[in-house]
Amino acid sequence: MYSDVVMDHFKNPRNVGEIPDADGVGEVGNPACGDIMAFYIKVNNNVLEDVKFKTFGCGAAIAVSSMVSEMAKGKTLDEAMQISNKSVIDALNGLPKKKHHCSNLGADALHRAIEDYRSKQQGKIAERPLDGPEVCSCPVCDVNDPEEAPYCSSVCERTTGK
Amino acid sequence: MKTINMDHVAASSLLPEVVEAMMPFLSEKMGNPSSMHSLGEEVTEALEEARGQVAGLINASDQEMVFTSGGTESNNWALKGMVLANRSRGNHIITSSIEHFSIMHAIKALEKQGVEVTRLPVDKYGIVDPDDVRKAITPRTILISVMHANNEVGSIQPIAEIGKIAREHGVPFHTDAVATVGVIPVDVKALNVDLLSLAANPFYGPLGTGALYVRKGVRIEPLIDGGIQEQGLRAGTENVLGIVGMGKAAEIAAGELESRMAHLIPLRDRLINEIPASIEEVEPVGHRTQRLPGNASVLVRYVEGESMLLFLDMEGIKIASGSACISRSLKVSHVMLAMGIDAGNAQGSLLFTLGKDNTNEDVDEVVRILPPIVQKLRDMSPLYKRTTKFKAIG
Amino acid sequence: MKTINMDHVAASSLLPEVVEAMMPFLSEKMGNPSSMHSLGEEVTEALEEARGQVAGLINASDQEMVFTSGGTESNNWALKGMVLANRSRGNHIITSSIEHFSIMHAIKALEKQGVEVTRLPVDKYGIVDPDDVRKAITPRTILISVMHANNEVGSIQPIAEIGKIAREHGVPFHTDAVATVGVIPVDVKALNVDLLSLAANPFYGPLGTGALYVRKGVRIEPLIDGGIQEQGLRAGTENVLGIVGMGKAAEIAAGELESRMAHLIPLRDRLINEIPASIEEVEPVGHRTQRLPGNASVLVRYVEGESMLLFLDMEGIKIASGSACISRSLKVSHVMLAMGIDAGNAQGSLLFTLGKDNTNEDVDEVVRILPPIVQKLRDMSPLYKRTTKFKAIG
Ligand SMILES: Cc1ncc(COP(=O)(O)O)c(C=O)c1O
Ligand SMILES: Cc1ncc(COP(=O)(O)O)c(C=O)c1O
Ligand code: FES
Ligand code: FES
């Protein structure tokens with residue numbers, strides 16, 4: 001079901017863990033749908049000096065987190081913001097279709113960590129996307145009103161916004 | 001590496017005797033059962049023998065057994081066929097909230113056509129209260145369908161009692177017994193059922209073969225119209241190979257039922273006791289004794305099922321999980337939700353379904369291999385040992 | 001005694017390569033295609049390979065092929081599924097008067113539910129006039145279903161033309177191609193069909209296995225609800241053994257189609273020419289050229305089919321009479337009646353369906369053995385050579 005690259009990252013995930021004094025933290029997901037990802041970044045001179053993650057999820061979710069962390073490390077913030085769903089899937093040599101939403105999460109969590117860092121730099125509190133629509137049904141997971149689900153709400157906004 | 005298959009609910013190997021019974025129909029004994037010359041007769045005899053064997057397993061008579069392409073077809077047929085046959089009498093079906101998808105979705109399709117449905121709740125062990133059935137019956141009720149046992153959580157329903165209530169009220173009663181026929185004693189008379197679905201694989205018969213028991217006198221419309229096969233109730237050239245295999249498997253199951261149960265129950269109970277003893281924050285799911293003999297279901301907190309399955313698979317251990325990430329729908333199991341289990345916790349479901357081939361050593365292996373896997377995944381999990389803005393699950 | 005099987009429509013032996021492809025799934029390669037660990041993956045791959053093989057045979061793409069338990073299920077599903085999906089658009093179905101029982105009875109069941117049906121006539125060769133289809137279409141027509149070829153009389157319908165008309169009017173078009181897929185070239189695109197039923201046995205695959213082609217974009221409701229299998233269109237654990245066999249058989253058929261036809265047509269034509277030449281008052285049935293390659297159908301006056309079949313069977317010759325799949329029903333064929341053949345004459349139907357294994361010597365045997373049998377039975381027949389109170393038949 002999974003490519004060798006996916007299985008390799010699943011078996012030996014790179015950069016697992018937390019950074020206690022992280023410069024930015026990004027979390028997405030919702031236990032109801034089986035995904036929660038947290039990314040921690042250390043930034044030096046606009047470059048991602050260190051990236052770590054923690055993930056609750058399936059094999060694909062773990063491999064995606066690991067791959068995203070590897071792709072991001074050493075990149076500038078702007079470059080890291082370019083890491084997309086598709087580039088992660090490509091780097092993993094493909095994912096089964098039903099697992100594509102897991103790969104959404106990885107890039108989202110990283111981007112959120114970068115946004116968190118940037119807003120801290122500007123002295124703002126990171127905007128939580130929780131103030132999306134009040135009742136929302138996740139089109140990916142078919143979950144109604146996902147509880148405390150930053151990622152899921154953003155999916156909602158995206159799909160209803162378009 | 002030795003493979004340990006504890007996913008018998010997905011598929012069990014055929015018994016050698018079953019393969020042997022099927023072999024002639026792969027080659028020389030070819031013939032369409034409906035044709036009238038001697039090539040066909042041999043096959044007809046084989047089908048009738050199989051019918052007797054399957055009927056014998058559930059204390060039915062031969063004419064009450066109709067072959068189908070599996071449990072799913074049997075379930076769809078029971079529901080849709082009864083609605084078609086009884087539309088003039090009423091429009092209301094009673095079912096439970098923990099049925100297999102083949103019941104659940106067939107009922108949803110019927111709802112779209114205007115059928116009214118009552119879905120009964122279950123208790124925390126996943127068991128329906130027969131009194132709730134009684135209360136739900138109306139003069140417009142044309143069918144009650146409650147499964148005999150649910151493979152995902154293992155609990156066995158009080159079918160005989162529900163059947164008694166149904167009969168008192170003159171309402172036809174169907175049970176999905178795919179998980180129980182050939183696994184525990186099933187007697188259609190003792191259970192007071194009018195219709196009963198079964199499939200061959202749970203008793204080591206071929207995939208894609210099943211039957212519907214239709215009690216003599218019950219009026220049902222076909223789902224698959226068109227011919228004389230199966231007394232006009234189910235048309236189509238029969239899957240001879242599959243049916244012959246199912247017959248043989250049924251015959252053997254009838255003889256071995258007691259010894260198989262005696263083998264499985266201690267293994268099951270070891271899993272249910274020893275896994276929670278060796279890993280913290282693991283809970284058994286379902287009823288402890290009113291339960292399928294080979295079924296052990298547990299929830300492991302803070303980790304997701306598929307990731308555990310993958311690591312176990314690498315070690316040669318095949319099991320299943322009710323996790324949403326595995327169901328293609330990405331939905332948490334409706335069965336666990338109905339039992340009041342929180343959606344997050346349900347992600348950590350592990351389902352062991354044991355079979356004839358499993359041993360005490362297999363259980364030792366699982367109990368040895370699982371804890372470090374869980375630990376490794378928990379170490380990666382943002383939910384483990386944390387009090388954060390994520391709501392604690394459970 | 002050598003057995004000569006000229007009843008391939010009832011059942012054909014599996015090809016040795018097909019048996020070989022199936023064998024692993026009788027033993028080691030057991031696994032439920034829906035389960036996610038490696039046991040299941042092997043099986044999933046095998047199913048997908050089979051899907052590609054079957055799709056290749058009819059120029060469909062893989063996602064358009066849905067496996068079923070046979071031609072009868074495919075036919076029932078096409079009709080009932082389209083009615084369910086299109087009820088809001090209309091209520092009218094067009095079909096022919098010579099369809100297989102699985103179409104005919106499914107349509108009768110739909111009629112009971114209020115669907116309106118136009119049954120098109122056929123000419124004396126058993127062929128539908130495409131112009132009649134055009135005339136029958138109304139704004140409320142939701143489906144046209146005309147079979148590709150009828151096994152009982154052999155004639156092939158102008159499906160591509162009918163399909164063209166259907167498409168011009170935006171009406172979905174189904175064809176029952178059980179008798180033709182793997183037998184003559186079938187190309188779903190060239191035929192302009194939206195839905196097409198097929199079964200494995202006509203091309204030497206296992207009994208009780210088939211598929212429905214559902215053109216991309218066609219909206220159909222499931223007949224068998226309940227799960228994730230087959231893109232949610234057909235639930236139920238797959239008959240892996242049967243599907244793998246069908247796949248292999250399809251692959252071989254695609255390669256051998258031309259040579260099989262080149263083998264069958266001369267044998268068929270010998271039967272159609274030589275039987276009437278050697279027995280008086282015998283008539284061929286159906287079209288002479290627009291005809292299934294292995295199908296020879298004749299009417300023998302003054303004698304009844306079964307009695308001829310029994311004598312032939314004693315000589316080792318297996319053929320059919322009347323409705324081939326269903327000779328057990330012992331009813332006069334509605335197909336022959338629709339062709340204007342008188343009920344009395346239809347009783348004397350003999351149906352030869354040839355296969356790969358038949359030879360010129362087999363035809364010699366039939367032409368040698370049949371005449372004395374017919375003579376013997378005619379000598380017993382009160383209808384033969386008599387002008388009496390019985391109305392002369394024909
Ligand atoms: C309780 C129950 N009902 C129905 C089915 C469906 O049977 P089948 O897979 O033979 O279609 C299953 C399958 O595992 C089942 O467990
Ligand atoms: C034209 C036609 N349609 C449908 C069928 C039914 O197919 P099955 O026997 O696979 O159910 C047959 C059977 O021979 C047939 O000849
Ligand atoms: S992505 Fe998980 S609930 Fe939507
Ligand atoms: S985490 Fe659920 S499918 Fe990946």
Side-chain angles (χ1 to χ4, degrees), chain A residues 1-2 6-7 9-18 25-40 52-63 65-66 69 96-102 109 128 130 137-150 152, chain B residues 105 108 281 299-315 318 321-334 336-337 341-350 372-394:
Chain A
M1 177 164 94
Y2 290 133
V6 173
M7 285 310 288
H9 277 267
F10 170 69
K11 275 188 264 184
N12 307 298
R14 336 295 198 241
N15 308 309
V16 178
E18 297 178 27
V25 179
E27 290 180 322
V28 295
N30 168 10
C33 77
D35 296 289
I36 297 179
M37 291 184 191
F39 269 81
Y40 307 84
K52 287 207 181 306
F53 75 89
K54 280 205 157 179
T55 289
F56 166 88
C58 66
I62 290 170
S65 319
S66 166
S69 71
K97 237 205 212 96
K98 68 165 173 168
K99 296 293 185 183
H100 281 191
H101 81 284
C102 308
R128 308 302 305 181
L130 270 179
S137 167
C138 172
V140 180
C141 316
D142 208 0
V143 175
N144 275 326
D145 193 15
E147 31 174 316
E148 289 184 37
C152 305
Chain B
H105 289 281
K108 275 194 195 151
E281 299 203 63
L299 296 183
V300 179
R301 292 194 184 208
Y302 314 121
V303 277
E304 190 278 330
E306 192 207 319
S307 54
M308 290 188 274
L309 258 57
L310 287 172
F311 277 120
L312 287 169
D313 193 25
M314 288 179 221
E315 306 273 357
K318 320 286 183 186
S321 167
S323 133
C325 304
I326 290 181
S327 74
R328 215 166 10 189
S329 67
L330 297 178
K331 259 193 223 173
V332 171
S333 150
H334 64 286
M336 296 207 192
L337 293 182
I341 294 169
D342 153 301
N345 280 354
Q347 294 290 350
S349 144
L350 291 182
I373 290 176
V374 171
Q375 194 54 51
K376 179 168 174 169
L377 288 165
R378 282 186 174 169
D379 286 344
M380 287 188 218
S381 167
L383 298 172
Y384 185 54
K385 301 240 159 129
R386 251 182 77 177
T387 45
T388 69
K389 48 193 164 293
F390 286 103
K391 202 165 74 190
I393 58 171

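Letters A, B, ... are given to chains in the order of the sequence lines, protein chains preceding strands, and every chain is numbered from 1.
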Of the backbone (N, CA, C, O) and the side chain (C-beta and beyond), which part of Pro96(A) lies under 4.5 Å from a heavy atom of chain B, both, or neither?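 When you check distances to chain B, no heavy atom of Pro96(A) falls under 4.5 Å.
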Identify the heavy atoms of Phe56(A) and Gly344(B) that sit nearest to each other, and give their distance.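 Taking Phe56(A) first and Gly344(B) second, the nearest heavy atoms are CZ-O, 4.3 Å.
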Check whether Met314(B) gets within reach of chain A through its side chain, its backbone, both or neither, counting any heavy atom under 4.5 Å.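 The answer is the side chain of Met314(B).
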Among Glu306(B), Glu304(B), Met380(B), exactly one meets side chain to side chain contact (heavy atoms under 4.5 Å, CB included) together with Ile62(A). Which residue is that?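 Checked Glu306(B), Glu304(B), Met380(B) against Ile62(A); only one passes side chain to side chain contact (heavy atoms under 4.5 Å, CB included): Met380(B).
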Lys376(B) side chain to Lys11(A) main-chain N or O, any donor-acceptor pair under 3.5 Å?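 Yes.
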Is there a side-chain contact between Phe311(B) and Phe10(A), using heavy atoms and a 4.5 Å cut-off?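 When only atoms from C-beta onward are counted, Phe10(A) and Phe311(B) do touch, with a gap below 4.5 Å.
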